[in-house]
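None of the values given here were measured: they were computed from a predicted structure. Labels below follow one simple rule: chain letters A, B, ... track the order of the sequence lines, proteins then strands, and each chain is numbered from 1.
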Amino acid sequence: MSEHPAYTPSEVEAKWRDRWRDRRTNEVDLDRAPRPYYNLMMFPYPSAEGLHVGNLFAFTGADVFGRFKRMQGWSVFQPIGFDAFGIHSENFAMKIGVHPAELIPRNITNFTRQLTSMGGMFAWEHVLSTTDVTYYKWTQWLFLQLFKQGLAYKKKGSVNWCPTDKTVLANEQVVAGACERCGTIVEQRVLEQWYFRITDYAGRLLANLDDHAKMDWSESTVLAQKNWLGRSEGAEIRFAAGASTIAVFTTRPDTVFGATFLVLAPEHPLVAVLTTGGQRAAVEAYVAQAGAKDLVSRKVGDKEKSGIALGSTAINPATGQAIPIWIADYVLMDYGTGAIMAVPGHDERDFAFATRYQLPIVRVVAPEGESAASPLREAFIEVDRGRLVNSGKYDGLPALEGKRAITRWLETASHGEGKVQFRLYDWCISRQRYWGPPIPIIYCDDCGAVPVPEEQLPVVLPQIDDFRPDDSGISPLARHAEWYFVPCPTCGKQGRRETDVSDTFLDSAWYFLRYPSSEFGDRAFDQARTARWLPIASYIGGNEHAVLHLLYSRFITMVLHDAGMLGFEEPFRTFRAHGLIVKDGAKMSKSKGNVINPDDFISKWGADTFRTYLMFLGPFQEGGDFRDSGISGPRRFLEKVWDLVSLATHPDCRDAEIRHEILVKWHQTKKRVGEELALLHYNTAIAALMELVNLLREQNCCEPTLVGELVQMIAPFAPHFAEECWERLGHTTSIFDSTWPAWDPALILEASITIVIQVNGKTRGTVTVGRDADEAAVRAAAGQLDTVVRQLEGMAVRKVIYVPGRLMNFVVG
RNA sequence: GCGAACGUGGCGGAAUUGGUAUACGCGCAGGACUUAGGAUCCUGUGGGGCAACCCGUCCGGGUUCGAGUCCCGGCGUUCGCACCA
């Protein structure tokens, strides 16, 4: 016994890490691979803290899948990279006083070490970092493609501004109106920003979600995107107001007869025109006050509504009556037309507003049991029950029908038309920051905003030490004259560079296109390579990116497709969302101080044990609470397999005959593990392997072929371990170049089966019969059971339910 | 408020079309081997009862020969979006 080596993870893992590198085990020939399979996982942001357990969980799950696919005969390309630009790096760099250009490479080195030590099957020869000039040159190129197509434009927009940090904040960084970092009340500033016209694509982005030929995605992710896109069907209606026309969007054109006033957003361009003399001062004060509020607290819906009348009126085209025009901050400039027709009878917000300011409330929809005259104690908002009232010739129509009829009338009378409205906004990509790719635009007094010619890319981000933002709202880059002033590409006169950098989400919106082509310096992505490897066969990632990253990537892909540069509209054929690993019920984050560093676990238990443990914790697609209490289980499991391998290599084992019971379990396990892995049901796949191992140990079986296949099935979870076992079993090539074990349908059927015997649905025992026993045989066997006999005594059997192979139920009474 | 997911032993979690609830693992208890063991191996482990049996998958109803699974109504937890007209 003692001649067998003990399992020492650190040695085994170091050995195979080196071997994989030296033998280029994980590399795939991107031009000649016979069965391309692009296995993508979300590239990490290389933080100073290193990978945490949550990252490792996600990467391991994707890696297990890639390794499994490879053993099934696919040429798996599994790249990795670093999403290293962005405000996180910059803030952290400022905090510790190290330049991000210095900090990031350091972090990447650490991440690379961790990703290697976890045993990921990464194609390191295609690694990329978004901060490399060879990468962001093409991010800038991408901007130019959008600009050329008229999909990039500049407009003024409100942003959250923190006067202490002297920076623009994303909406997510504003908590209850204050800066999440320093607590200062956030101001609104209006800045010129670059936007991408993603809203032009809203309809297609929505439609493809249901096109299963293009997209097979986790249901939860599809749903999140649908909600984000927020399609509403309704009508745009125009109201005459003196010489002006106010357009509103409504989902309830059927209620137009009940529109008793209009409300504009305070920022609406017609506010100044429609304000009457007496109201001017008060209106201006209100507009100023609304403007000072941050976007986040303004969008919180549960506070009391406020507003002010402009003093002018508009004509309701349905009733012909003059109705007052108000402004209120519950109407948002960036949704719809920035103006609404208020129907207090049938909209909760309008009802609250009308009640507060004593504006008329008219009922135009009445459900069963109510009449045109019944007073409204609250807004009646149901569309699918109720008929129109107080609506002229439309009275009596069900609301839904009224909607169609009134829309038709609006169109013939030129008062409006049916319209589909999306919730999605255009994508603001400007950041008044330093750590990002400069937007490749040059401003010229004569020529305007001129794109940097493609041959002049990249616009290199200069190495500057004072990258801290200041109060001007202008990027720190503007302070560097030698970079800032450049000749206009069109006329040669002195121009000025755009000083904003682009959003990090732009970096990550195309990285999957770059991986297979990472060695090409003269093109963003190679046509042949891209056609061969994309769209992506499998993308596994977190649902925290369900909307932003995944939507932006789809948009960019669609734009490039329309430009004739890609042969597909949708980049990710399948997407699976993994679960989140939490600690004591809370998401891991450094601010909560509950981040778990996987390094300690890997050095104590080994990467293979830790991987297996993480995959065994619970369903991969659900995640769970991290605890280290059960990690010895997977370790013991690997030790047992190690011992089986030791026994299998012993000459005595060779001729051992495999009992039928074991044979059946073996083939059942192969079937089950293969099926479970394909569905990412890793925890149950591991459980099945454990069951097989337990049986082999019980039965003292160590048949080498069987043990070999067992090791193959463990390989995706414990790759170093499996390689070592495979070698000990006499193989000289990588286990990942072996073929996934096949199962024999004839051998998964047990010789005898257990039938459950019930009386009135209660289980009273079981009988074991031959596989092809008929009903009579089962009934006879059941009649021998004491427990059944007792239950049937003195009772009339009214019915016998027999489910072949499963159960027999005697219904008595 | 809207949308979604979930609720099973002491714990993490399993359960084809509805068909032996608690697979697998942790923990725990007892035993073996040991100078010792926190190593390893064996046995046991939902609750109650001497037993026959009874009760058990968040709660309450229902459908069914049979419900963790399906239906209706609650409660709770988590996540996403939130004044979207």
Which residues share a salt bridge (Lys or Arg N to Asp or Glu O under 4.0 Å) with A/K604, sequence neighbours left out: none
Mind checking what makes salt bridge (Lys or Arg N to Asp or Glu O under 4.0 Å) contact with A/E661, not counting sequence neighbours? A/R659
Reading nucleotides 39-53 of chain B from the 5' end, what letters show protein touch, with B for base, S for backbone sugar-phosphate only, - for no heavy atom under 4.0 Å? -SS----------SS
With A/P269, which residues qualify under side-chain contact (heavy atoms from CB on, under 4.5 Å), at least two apart? A/M333
RNA chain B contacts made by residues 664-673 of chain A, counting heavy atoms under 4.0 Å: none
Applying ring-ring contact (aromatic ring centres under 6.0 Å, His included) to A/F601 and not counting sequence neighbours gives A/F610, A/F626
Identify, with sequence neighbours excluded, every residue that meets ring-ring contact (aromatic ring centres under 6.0 Å, His included) alongside A/Y552. A/W427, A/F505
Just jot down the ring-ring contact (aromatic ring centres under 6.0 Å, His included) partners of A/H681, sequence neighbours excluded, or say none. none
Can you list every salt bridge (Lys or Arg N to Asp or Glu O under 4.0 Å) pair that touches residues 631-642 of chain A, not counting sequence neighbours? A/R635-A/E639
Can you give me the N/O atom pairs linking the protein to nucleotides 60-64 of chain B at distances under 3.5 Å, or say none if there are none?
none

Could you list by number each residue of residues 608-624 of chain A showing a heavy-atom separation from RNA chain B of less than 4.0 Å, or answer none if no residue does? A/F616, A/L617, A/P619
Distance col, row A/C702:SG vs A/L710:CG, nearest 0.5 angstrom, shows 12.0 Å
Assess A/R423 against A/W228: is NZ or CZ under 6.0 Å from the centre of the six-membered ring, and within 45 degrees of the ring's axis? yes
Is the phosphate of B/A21, meaning OP1 or OP2, less than 4.0 Å from a side-chain N or O of A/T763? yes
Per the salt bridge (Lys or Arg N to Asp or Glu O under 4.0 Å) rule, what does the pair list look like for residues 665-688 of chain A, sequence neighbours excluded? A/K665-A/E691, A/K670-A/E709, A/K671-A/E675, A/R672-A/E676, A/R672-A/E691
